[in-house]
Structure formats: C-alpha cells, structure tokens
Amino acid sequence: SGSGAEGEAVSGAQLIAESLKAQNIEYMFGIVGIPITEIAVAAQAIGIKYIGMRNEQSACYAASAVGYLTGRPGVCLVVSGPGFLHALGGMANANMNCWPLIVIGGSSDRNQETMGAFQEFPQVEAGRLYNKLTVRPSSLEVIPAVIEKAVRTSIYGRPGSCYIDIPGDFVNLQVNKSSVKYMECCLPPPISMAEQSALSKAVSLIAHSEQPLLIIGKGAAYSHAENNIRKLVDLCGLPFLPTPMAKGVVPDNHPNCVAAARSTALQHADVIILLGARLNWILHFGLPPRFRQDVKVIQIDICAEELGNNVRPAASLLGDINTVTKQLLEEFSKRPWKYPSSSLWWKRLREKIMNNEEKSKGLELQKSLPMNYYTVFHHMRELLPRDCILVSEGANTMDIGRTMLPNYHPRQRLDAGTFGTMGVGLGFAIAAAMVAKDRTPEKRVICVEGDSAFGFSGMELETICRYNLPVLIIVVNNNGIYTGLDTDAWREMLKFGEPATCIPPVSLLPNSHYEQIMSAFGGKGYFVKTPEELQNALKASMADKQTPSLINVMIDPQSERKKQEFPWLTRSNM
Ligand code: ADP
Ligand code: MG
C-alpha cells in the first residue's frame with residue numbers, strides 16, 4: 001500500500017482514531033511516546049477524550065473502569081516494550097473482573113522484527129495470556145475491521161480485554177481511502193435468555209426453599225439489572241447479599257439486605273440464587289464450611305463455561321442477567337409466591353444483623369486518640385453525600401470500609417476486585433470522575449485508600465490536578481501494610497541497626513505527609529489526627545466542588561478489624 005495518485009490519503013494514526021470513533025469509543029487513557037504519539041493526537045482531534053496518565057498500569061486500570069461504568073470499552077494507549085508490559089496488569093485485572101477494555105500498543109517496525117529493535121518485545125505472544133482477543137492488523141486497510149472486532153469481542157458474551165498490536169511503521173504510513181475496508185459500529189450485544197425448563201426448575205426450587213438467599217454479583221451491576229432485581233426482591237421477599245462491587249444494585253439500606261449477617265446467610269441458606277457472581281474465593285468457592293454441603297445453587301450467568309464451576313448447580317440459567325431476572329419476574333407473576341417475613345430464617349438473620357451492628361458501635365464512638373478505622377468510617381458515613389462514587393482499596397481500609405460505607409446506587413463502588421489488585425484506586429477515580437463529569441456532574445468521586453495502596457499510583461495526583469477533577473482522596477494512614485509503627489516505636493526500632501535488616505517488611509515511613517503531594521500540584525491537602533479535624537476537612541472538601549483534595553487521616557498504626565467469629569475467616573479478605 002501507499003498513497004495513490006488520485007483519491008484522498010489517510011494515515012494509520014488517523015485510521016485508528018476514526019475507527020475508534022466509529023465504534024463509539026469516548027475515552028482514551030495512555031502515555032505517549034515512540035511510536036504512538038500521533039495516535040493520541042489524531043484521537044483527540046476527532047473528539048475522543050484523551051487523558052494522559054503517569055504510569056501505563058494506571059492508564060489501563062482507568063480505561064477498564066470506563067468499560068464497567070459505561071458498558072463501552074475505554075482505550076488504553078501504550079508504547080512498545082516497557083509501556084506494553086506495564087499495561088499487562090491492567091489487562092489481567094480487566095479480564096479477571098470481566099470488564100471490557102481495548103488496549104492499543106505500538107510495537108517495533110515490521111522491517112526490524114527480531115533484529116533487536118528499540119523496545120522490541122513479543123507483544124502479540126505475551127498479550128494472549130491476558131486478553132480475550134489479541135490481534136495485529138496485517139495492513140492499514142484492515143484496521144477498521146480489526147478495531148470493530150476488538151470492540152465487539154470486548155462486550156459480547158462475557159466481557160473482557162482485547163489487545164491490538166500496531167507496528168510502529170503503520171502509524172505514519174499512508175493509504176488511499178478508497179482501498180480501506182470501513183466498518184459500521186458493531187451492534188449492541190445480542191440478548192440471551194434462559195431456556196424454559198431451567199427457568200421452571202429455578203422457580204420451583206425457590207418456591208420450595210426454606211432458607212433462600214439471593215446473591216448479587218458485579219455481573220448484575222454490569223448488566224444494568226437493578227430495576228428488575230429490586231422488583232424480584234420485593235415481589236418474592238427474598239433476603240439478598242451483594243458481593244463487594246454489587247453493593248448498591250439494590251440499596252444497602254433495603255430492609256431485605258442481609259450484608260450485616262453475611263456469614264450466617266451463606267452458612268445456612270438452603271437455596272441460593274446466584275446472579276452474576278462466580279463461586280470463586282470471594283464466595284468461598286460455594287463449599288463447606290462456608291456453605292451447606294447440600295445447598296442448591298441456581299446459577300445465572302452469561303458465560304456457559306462458568307456454569308458448574310466448583311458446585312454442581314441445581315439449575316443453570318444461561319443468559320443475560322437483566323433478561324433472566326425479567327423472565328423470573330414473569331414466572332412469579334403467573335404463579336405468585338412470597339417468602340414469609342415471619343419465617344424463622346428471617347428472624348435469625350435479623351437478630352444477627354442487630355447483633356453485628358451493636359458490636360461495631362463501641363469502636364465507632366471511641367474517643368481516645370489515635371483514631372481507629374471504625375471512627376474514621378463513622379465520620380465519613382455521616383458527612384459524605386449518599387450518591388457519591390466510592391473507590392476503595394487497601395487491606396483493612398477496603399474491608400472495613402466495605403461494611404461501613406453504604407452504597408445506594410448501582411456501579412458506584414470500585415475496588416480491588418476479583419484479582420485483589422492494589423494500585424487501582426487512582427486510575428479508577430480518574431475514570432469515574434471523567435465519566436461523572438459527562439453524565440452525572442453532581443456526583444462526587446471519593447477514593448478511600450490505605451497508605452500502602454495509595455503509594456502504588458500516587459503520582460496520578462498530578463493527572464487529577466492537570467485535568468482539574470474534583471476527586472476527594474482519603475488516605476487512611478496507619479504507617480504500613482496491615483499495621484505500622486508510630487514515631488516512637490520507629491525511633492526505637494532503628495537503634496537495632498541497619499534499616500534494611502530491621503525495618504519490619506510491613507512498615508512504611510511514619511507520619512508521611514501524603515497531603516503535601518496534593519498541594520504540590522495545586523489541590524488541597526489536609527493532615528488530620530482528630531475526629532474534629534476529620535469532620536472539618538470532610539466538610540471543606542465537599543463544599544468545594546472544583547478543587548481536588550486529599551485528606552491524610554492518621555490512625556492508630558496498630559488499629560485492627562474487630563474480631564472475626566470464625567478463625568478461618570481471618571485468612572481471607574472477607
Ligand atoms: P463478583 O466479584 O461480584 O462476585 P464476578 O466477577 O465473580 O462477580 O462474576 C460476574 C459474573 O457475571 C461473571 O461470571 C460474568 O460472566 C457474569 N456476567 C457479566 N455480564 C453479564 C450479563 N450481562 N449477564 C449475565 N452474566 C453476566
Ligand atoms: Mg496502611
């Protein structure tokens with residue numbers, strides 16, 4: 001190919017940008033450099049929003065969050081070799097979460113392959129492990145078709161990540177427009193429905209259950225099934241439990257939410273309706289001791305291969321969650337059934353809920369300093385708006401925050417997810433703030449980070465300030481990973497010798513002023529040690545709707561979560 005004598009010529013960079021635009025891609029995150037700078041420039045020129053990040057990993061996390069939040073993949077644009085490698089974490093994270101994502105990586109020029117070219121790496125081979133689809137266009141002419149296929153693959157069936165490898169010499173190469181195979185926007189994912197026999201089986205199992213439980217997963221959030229799931233909960237009077245990112249599909253304050261009695265609900269349910277959640281570590285594999293040996297699982301998923309994983313389902317409903325939930329609603333309107341709220345099961349769940357809420361009250365209202373996790377989250381719960389988008393990561397910070405900070409709306413909680421990834425928070429917050437700015441500007445993004453988690457991508461504060469995103473970052477700072485040392489203990493410890501031989505692996509520098517990084521870029525920084533200072537900082541940052549801010553909350557470095565009822569619970573995150 002080359003520019004013909006007559007007809008208009010188009011460059012590879014332009015073709016990529018036009019094709020993404022034709023597939024309704026709105027956002028691109030990346031870091032420019034050889035050979036992909038022109039792609040970012042062309043994308044921006046055509047109206048795709050380009051957000052330049054400080055590390056490809058964060059760029060990739062951000063692009064993947066756009067996919068989850070909007071149902072349309074975000075694009076991550078990276079340079080060859082190291083840029084591509086840094087993005088692998090984001091691809092894996094998106095794929096593990098079943099979120100759509102498109103990654104475009106520049107690679108070395110075709111005529112230098114295997115010669116030791118600048119930043120050469122076997123990107124296509126490496127991409128295979130991390131993606132649903134890995135593809136390298138063989139000519140400029142097929143770029144629109146390759147991009148259409150990647151976008152379609154990322155959102156059809158179980159969503160996931162797709163990688164497109166672009167030879168460096170393609171970017172500025174020109175081709176005659178008349179020879180390009182242009183593509184229309186791919187059609188929305190076709191909707192699949194559960195077969196009638198499986199549906200009838202499910203309805204019968206539910207209607208005969210004695211201790212039913214509905215588990216709502218982030219697949220339900222992704223499929224926008226909130227209205228129908230809420231109807232199902234109300235119509236059938238089912239107790240429900242959201243997984244971490246499914247919080248808010250049905251509001252946490254709905255009377256049927258049994259999140260505060262999670263262990264009891266899982267342990268004793270006889271029939272479980274699993275709506276878009278995998279029986280992986282997050283749900284203890286669906287096995288004893290966390291579940292009954294004889295529990296009957298009604299599994300609902302869009303991915304056929306998922307059905308039967310770890311537990312043999314009593315009914316398998318293959319299909320889109322929103323549609324299958326509608327089917328269930330229709331069945332139950334033909335054959336009305338409501339689980340009695342006077343049942344022993346409800347009594348037991350309600351007692352447990354009250355009990356557990358009592359237990360944390362004491363910790364929440366503790367007056368002594370330094371503060372503990374529960375006090376910090378208590379004040380956040382009091383002062384943060386109900387409809388904010390919560391991003392959260394860290395070990396204790398995320399776990400305790402999940403139980404204490406309610407969600408009232410779907411897809412407004414983003415966290416470490418299926419892969420348990422730390423370092424996702426700032427990228428997610430940037431993506432959520434970009435999406436909110438365009439769609440729901442009244443919603444604030446609040447990013448609750450452990451001090452260790454914050455460190456993975458802390459330089460993205462510059463990105464937040466550059467794009468003037470009114471994100472509030474709260475660093476719950478315990479001077480370490482899991483636990484840390486206070487300044488006195490730190491000084492004592494250093495007497496024992498060489499830092500590398502005596503600083504505990506869990507420790508981070510005590511009293512780090514992370515808020516000063518925010519003020520360095522023009523945002524507002526708050527260093528707080530008392531509940532009053534925390535309240536004031538929260539109020540000030542919520543009142544200021546324009547400026548990014550960071551509240552660095554010093555807590556007891558030895559603060560821990562409240563005692564778990566079962567010793568085996570402390571081993572996992574839940
Ligand atoms: P959680 O972490 O909340 O437990 P998982 O990520 O484990 O959730 O599970 C989500 C499940 O939802 C995946 O198995 C995925 O195939 C499924 N899923 C995604 N989108 C849909 C959809 N539209 N309809 C049905 N299932 C879906
Ligand atoms: Mg910490």
Side-chain angles (χ1 to χ4, degrees), residues 67-68 71 93-100 132 155-160 188-194 215-225 228-229 241-249 274-286 299-307 309-310 317-326 373 393-400 402 410-411 413-420 422 448-456 475-485 506-510 512 514 552-560 573-574:
Y68 176 62
N93 192 67
N95 241 6
M96 296 291 174
N97 276 343
C98 313
W99 289 357
K132 260 184 107 173
I155 57 176
Y156 276 34
R158 169 180 275 174
I191 287 169
S192 47
M193 296 169 86
I215 298 180
I216 307 172
K218 65 178 175 295
Y222 179 77
S223 81
H224 287 247
N228 286 316
I229 294 179
L241 189 70
T243 63
M245 274 198 259
K247 268 161 65 74
V249 168
L274 194 63
L275 271 182
R278 284 166 286 180
L279 292 176
N280 56 17
W281 66 275
I282 291 194
L283 287 170
H284 315 268
F285 313 106
Q299 210 179 350
I300 303 164
D301 206 289
I302 203 161
C303 173
E305 290 88 336
E306 186 59 38
L307 304 169
N309 276 345
N310 299 334
L317 279 61
L318 177 63
D320 168 64
I321 294 196
N322 190 32
T323 311
V324 176
T325 308
K326 241 187 281 173
Y373 284 106
E393 60 175 337
N396 287 328
T397 300
M398 182 173 72
D399 289 346
I400 301 170
R402 182 183 56 243
R411 298 171 296 282
R413 180 185 162 85
L414 295 164
D415 67 22
T418 306
F419 209 25
M422 295 298 146
V448 188
E449 301 270 310
D451 54 329
S452 167
F454 172 75
F456 285 85
V475 177
V476 183
N477 190 346
N478 69 347
N479 301 340
I481 306 168
Y482 306 121
T483 58
L485 299 175
V506 294
S507 284
L508 296 169
L509 189 70
S512 290
Y514 297 115
N552 184 13
V553 191
M554 302 310 295
I555 64 161
D556 183 353
Q558 298 295 320
S559 173
E560 297 241 35
N573 252 337
M574 305 299 288

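Atoms within a ligand are numbered from 1 in the order they appear, just like the ligands themselves. Keep in mind that this is a model prediction, so the values were computed, not measured.
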Do Glu449 and Thr397 have side-chain heavy atoms sitting under 4.5 Å apart? no
Below 4.0 Å, non-hydrogen atoms only: which portion of Asn322 touches ligand 1? Side chain, backbone, both or neither. neither
N or O pair under 3.5 Å between Glu306 and ligand 1: no
Run the numbers for me: atoms of ligand 1, each under 4.0 Å from some heavy atom of Gly276, listed by number. 8 (O), 9 (O), 10 (C), 11 (C), 12 (O)
So does Arg158 pair up with Glu306, basic N to acidic O under 4.0 Å? yes
Distance filter under 4.0 Å to Thr418 heavy atoms, resulting ligand 1 atoms: 2 (O), 6 (O)
Using a strict cut-off of 4.0 Å, indicate which atoms of ligand 1 neighbour a heavy atom of Gly319. 24 (N), 25 (C)
When you measure from the Mg ion (ligand 2) to the N, O or S atoms of Ser452, does any of those distances fall below 2.8 Å? no
Please determine if Ile321 has a nitrogen or oxygen closer than 3.5 Å to a nitrogen or oxygen of ligand 1. yes
Smallest heavy-atom separation, Gly160 atom then Asn95 atom, equals CA-OD1, 3.3 Å
Side chain to side chain contact (heavy atoms under 4.5 Å, CB included) between Leu274 and Leu283, worked out: CA-CA 10 Å; Leu274 194 63; Leu283 287 170; 3.9 Å; yes
Which of the numbered atoms in ligand 1 are under 4.0 angstrom from any heavy atom belonging to Ser223? 22 (C), 23 (N)
Would you mind naming the N, O or S atom of Asp451 nearest to the Mg ion (ligand 2)? OD1
Can you tell me, to 10 degrees, how wide the angle at the Mg ion (ligand 2) is between OD1 on Asn478 and O on Gly480? 90°
Measure up the Tyr222 and Tyr68 rings against each other and bin them: parallel (under 30°), tilted (30 to 60°), perpendicular (over 60°). parallel
Give yes if a backbone or side-chain nitrogen or oxygen of Arg158 is under 3.5 Å from a nitrogen or oxygen of ligand 1, and no if not. yes
Just by distance, with hydrogens left out, do Asn97 and Thr418 show a side-chain donor and acceptor under 3.5 Å apart? yes
Please could you name the atoms of ligand 1 that Gly217 approaches to less than 4.0 Å, counting only its heavy atoms? 3 (O)
Check whether any side-chain N or O of Asn228 sits under 3.5 Å from a backbone N or O of Thr325 as a donor-acceptor pair, and report yes or no. no
Between Thr243 and ligand 1, which part of the residue brings a heavy atom under 4.0 Å of the ligand: side chain, backbone, both or neither? side chain
Can you tell me if Pro242 has a non-hydrogen atom under 4.0 Å from ligand 1? no
Proximal ligand 1 atoms for Asn280, defined as those under 4.0 Å from one of its heavy atoms: 7 (O)
Option with minimal heavy-atom separation from atom 15 (C) of ligand 1, where the choices are Thr323, Leu283, Asp301: Asp301
Output yes when the distance from some N or O of ligand 1 to some N or O of Tyr222 is under 3.5 Å, and no in every other case. no
Which option wins on minimum heavy-atom distance to atom 7 (O) of ligand 1: Arg278, Lys247, Lys218? Arg278
Considering non-hydrogen atoms only, spot the tightest contact between Asn552 and Ser512 and give its length. ND2-O, 2.8 Å
Identify, by atom number and element, the atoms of ligand 1 in contact range of Cys303, meaning under 4.0 Å from any of its heavy atoms. 16 (O)
Under 3.5 Å, N or O to N or O, is Ala246 touching ligand 1 that way? no
